[in-house]
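What you see below is based on every heavy atom in this structure, not just the backbone, and it leaves out hydrogens, waters and symmetry mates. A note on names: the letters A, B, ... follow the listed sequences, proteins ahead of strands, and every chain is numbered from 1.
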Amino acid sequence: MGSSQSFNLYNKNNNYPFLLSTLLNSFKAYCIDPTPKAYFFLIKNLTQNSNFQDIVHVLNHIELNEKFETPEFMLMYLIRFYGFADRVQDAVDLFYRIPRFRCTPTVCSLNLLISLLCRNRDCLKMVPQILLKSRLMNIRVEESTFRVLIKALCRIKRVDYALRIVNFMIEDGYGLDVKACSLIVSSLCEQIDLSSVEALVVWRDMRKLGFCPDVMDYTNMIKFLVKQGSGKDALNILNQMKENGVKPDIVCYTIVLSGIVAERDHVKLDELFDEMIVFGLVPDVYTYNVYINGLCKQNKIDEAREIVASMEELGSKANVVTYNTLLGAVCSAGDLNKARVLMKEMRLKGIGLNLHTYRIMLDGFIRKGEINEACSLLEEMLEKCFHPRTSTFDDIIFQMCQKGLFTEALVLMKKLVAKSFAPGARAWEALLLNSGPELQYSEATYDSLIIPEITQLSKLTES
DNA sequence: TTAGGGTTAG
């Protein structure tokens with residue numbers, strides 16, 4: 001589109017695109033040569049309008065008709081532009097062509113090109129070739145280049161290769177790249193297939209290479225281990241940290257504590273919490289939430305409530321997570337009265353209920369067969385545009401039908417379908433099974449409610 | 001030296 005437009009604007013005398021000939025003419029009028037800056041202005045204008053064709057003309061012109069050394073940043077600007085416009089081949093071609101603009105390419109262009117190629121799995125294959133060719137172009141590869149590669153390898157989940165590059169760098173006399181090591185640790189959490197054992201090997205190898213992790217590195221490592229369910233390993237890393245004179249902070253402790261809670265090591269939980277206090281760290285709402293969760297897992301709900309009271313006295317306000325934790329415990333203990341009190345408390349404190357609050361409460365009410373409350377909660381939830389689980393609909397409708405609340409169940413069903421929610425087979429089955437003659441609803445109800453409902457549902461499930 | 005990084009949920 002842009003090309004046909006610019007074609008009309010071509011100057012008939014010199015066959016240059018309009019903007020280029022305008023630039024050349026205005027400089028000619030003052031009897032001076034166009035400067036690289038002027039070309040850069042032109043190029044920026046053309047990229048803003050994605051005028052690819054005219055860019056080609058301008059580049060050809062600079063290459064063939066100008067004498068100045070083109071500043072590298074100008075060409076880098078274009079390489080980046082091509083990269084982000086998904087014209088990777090153009091970016092690569094321009095990179096190889098840099099010397100023809102009387103410009104000496106540096107590692108900056110190389111790093112830029114590699115980072116662009118690393119954005120895409122297919123383009124990544126071009127990287128080795130580029131690295132080889134860049135040597136012929138006399139570009140000196142730097143630590144920064146390796147870092148770009150390491151980042152890319154971490155992103156495509158090849159920590160092993162990333163670590164190999166770290167090793168190559170050391171063999172090549174670059175020394176240990178601390179930033180690269182940090183990069184590797186911080187990418188651990190995104191490595192889905194990596195086991196905690198493998199991660200610990202990577203960690204140990206880097207330590208052997210002389211890597212001195214900082215708080216952030218330790219925290220990332222601990223986070224990974226906890227995520228993998230290795231709370232004990234996380235605790236070991238915390239101890240390593242202390243031995244190495246790096247002070248764990250509240251975030252660090254909070255993550256380890258959550259790992260300990262997950263392992264249900266309640267003795268250790270108390271020990272570590274106390275240790276943290278002794279070290280002078282002040283727990284915040286995150287820490288308290290983890291601790292409260294630990295207490296709830298032990299069914300110590302009253303103790304948990306005491307903690308909530310005391311944490312508020314100490315200045316950290318309970319939040320929706322605190323209450324969801326308590327509600328979850330109370331509901332699974334089947335103590336709906338306590339749950340009702342807690343909900344009231346939340347509303348009084350102005351703590352907004354979130355998706356999880358509703359899900360926890362609904363599960364609690366449904367399990368106890370409190371269908372009326374479940375229904376009004378469901379309505380409230382839908383008004384706030386939170387999505388209940390399909391099984392929740394099914395449970396409610398199933399129980400309504402069992403209690404003979406057939407008409408109510410149909411009304412609810414209608415509401416749900418109108419909101420494009422698709423209840424599961426169990427809900428429909430319950431409705432249909434209850435539509436026997438003993439329930440004595442009219443044929444008109446059947447025709448006006450059930451049939452259209454089923455028709456709509458089948459459409460929903462098809463799409 | 002600073003921030004960043006952290007909490008619940010079948």
Using a 4.0 Å heavy-atom cut-off, does A:Val215 contact any base of the nucleic acid, only the sugar-phosphate backbone, or nothing at all?
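Base contact.
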
Please work out if A:Thr254 contacts a base, only the sugar-phosphate, or nothing of the nucleic acid, heavy-atom cut-off 4.0 Å.
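It contacts base atoms.
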
Under 6.0 Å between ring centres: does that hold for A:Phe273 and A:Tyr253?
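Centroid distance A:Phe273-A:Tyr253: not below 6.0 Å, so no.
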
Rounded interatomic separation in angstrom, taking [atom1] from [X] and [atom2] from [N]:
X        : N      : atom1 : atom2 : answer
A:Arg359 : B:dT8  : CZ    : P     : 17 Å
A:Ile351 : B:dT7  : CD1   : P     : 19 Å
A:Tyr253 : B:dT7  : OH    : C1'   : 18 Å
A:Asp214 : B:dG4  : CG    : P     : 15 Å
A:Ile222 : B:dG5  : CD1   : P     : 16 Å
A:Leu327 : B:dT7  : CG    : P     : 20 Å
A:Ile366 : B:dG10 : CD1   : P     : 12 Å
A:Leu188 : B:dG5  : CG    : P     : 17 Å

The side chain of [X] lies closest to which of these nucleotides: [options]?
X        : options              : value
A:Arg389 : B:dT7, B:dG10, B:dA9 : B:dG10
A:Val251 : B:dG5, B:dG10, B:dT7 : B:dG5
A:Ile255 : B:dG6, B:dT8, B:dG4  : B:dG6
A:Val290 : B:dT8, B:dG6, B:dT7  : B:dT7

Show, in sequence, the C-alpha distance, side-chain angles and deciding distance for A:Tyr218 and A:Trp203, and conclude whether the ring-ring contact (aromatic ring centres under 6.0 Å, His included) test is met.
CA-CA 10 Å; A:Tyr218 278 111; A:Trp203 178 261; 5.5 Å; yes

Flag this pair as yes if the NZ/CZ of A:Arg207 is under 6.0 angstrom from the six-membered ring centre of A:Phe211 and inside a 45 degree cone about the axis; otherwise no.
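The answer is no; the distance or angle limit is not met.
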
Is it the case that A:Lys133 places NZ or CZ above or below the six-membered ring of A:Tyr96, under 6.0 angstrom from the centre and within 45 degrees of the axis?
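So A:Lys133 does make the cation-pi contact.
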
Ignoring hydrogens and geometry beyond distance, is the side chain of A:Thr287 in donor-acceptor contact with the base of B:dG6 at under 3.5 Å?
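Per atom types, the contact qualifies.
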
Check if the side chain of A:Asp284 and the base of B:dG6 share a donor-acceptor pair of N or O atoms closer than 3.5 Å.
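Yes, the side chain and the base share a sub-3.5 Å donor-acceptor pair.
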
Could you label the plane-to-plane angle of the A:Tyr358 and A:Phe386 rings as parallel, tilted or perpendicular, counting under 30° as parallel and over 60° as perpendicular?
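Because their plane-to-plane angle lies in the 30° to 60° range, the rings of A:Tyr358 and A:Phe386 count as tilted.
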
